[in-house]
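Step one of this worksheet: look at the structure below.
Because the structure is a prediction, the values reported are computed rather than measured. Just so you know, ligand 1 is whichever comes first in the structure, and atom 1 is the first atom listed for that ligand.
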Amino acid sequence: MNRIMKQIVLAVILSASVLCTSPKTASATWFEPLKVHFLDVGQADCILIQMPNGKNMLVDAGDENDGPEIIRYLQSQGVADIDVLVATHPHHDHIGSMDDVIRNFNVKKIYMPNLPYDTAYYHDLFKIINEKNIPVERAKAGTKFRFGFSVKVDMLAPGSAYYKYINDYSAVLRITHGKNRFLLMADAGMESEKELLSSKRDLKANVIKIGHHGANTGTTMAFLKAVHAKTAMISVGNNNPYHYPSKEVLFRLERLNMTIYRTDQLGVITAISNGNKITFRTNGFK
Ligand SMILES: [Zn+2]
C-alpha cells in the first residue's frame, strides 16, 4: 500500500470512528438492520429473523404442504444456515414442514418444548433431527441467547411443566434490538398470558405477533395493555374455517389504536429494525 492509499484508509477509519462515537448519530448509525419476516403460509406460522451479524433464526415452519414455499422464500433471502430453529409447539401448523426445512438447510440447533406428540409429522421431524444429529434443547422460560452484541433473545414461556391446552406450551420469544422489541406469541393463550402477567416482568414490546392466529383463546385486554405494542402481526389463512382472527380480538386491537398487519391480506410482511425505528415492508395487497 503506498503512502497516499494509507492516508485515505486512515481518513476513512477516522471518519467512521467519529460517526460511531458521536452521541448525536450513535442511535441512527450504530445498529445494522434486523429483519423479521412474517411469511405468508396460510393458516400457519413461519417467521424468519435475519440478525445484523448475518445469523438466522427460524420460528416455526408452516403446515405440511408449505415446505416448497418456505424453502423458496428462505433461499430468496440468501439463507443457507439456520443457526437457531424454534419449534414453538408440536401442532401441524407450526412444525408441519420442519422436516423439509431441516433437509434443505444447515440447521445448527433446535429449541422445542418438552412435549412428545404422537403424530406422523412429529415422528418425521424427529427422524430427520436424528439423521442429521442436530442438538435439541428444551424451550422454557428463562432461556436467553444473543446474536452478536446488538440482539438479545429471551424465552418468556413456557414457564410451567404442565398445561391444560397444548397451545399454552408455546415457546414465547422476545427479541430485543436496541430500543426495539418484538414479542412472538406463537399460539400461547390465556393461561400462558396469565402466567406472564403474574411474573411481574416488563412485557413491553413495539411489535406483537398475536397468539394463535388471532383466536379469542388469548390476546386478552390485560395482556395487550401490559405489552403496550403499537403494531400487531397476525399470521392467518385467507377464509380459514375457524374464522380467525376473531372479531373480539380485532376489536381489542382497534380499541388500543394498534396498527394491524395480516398475512392473509398482505402476504409476506417484513419488519426492519435499525435499533431505533421499525419500518414495515409488504408485498402490497394480495
Ligand atoms: Zn397455530
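Note on Lys194 versus Glu191: no salt bridge recorded, every NZ/NE/NH1/NH2 to OD/OE distance being 4.0 Å or above.
Taking the six-membered ring for Trp, His213 and His94 have ring centres closer than 6.0 Å. In this structure, the ring of Tyr117 has its center no less than 6.0 angstrom from the ring center of Tyr169.
For Asp93, the N, O or S atom with the smallest separation from the Zn ion (ligand 1) is OD2.
In summary, His213 places an N/O/S atom under 2.8 Å from the Zn ion (ligand 1), meeting the contact criterion.
Counting all heavy atoms, side chain and backbone alike, Pro158 lies closest to Ala171 at CD-CA, 3.9 Å.
To the nearest 10 degrees, the angle centred on the Zn ion (ligand 1) between OD2 in Asp187 and NE2 in His94 reads 90°.
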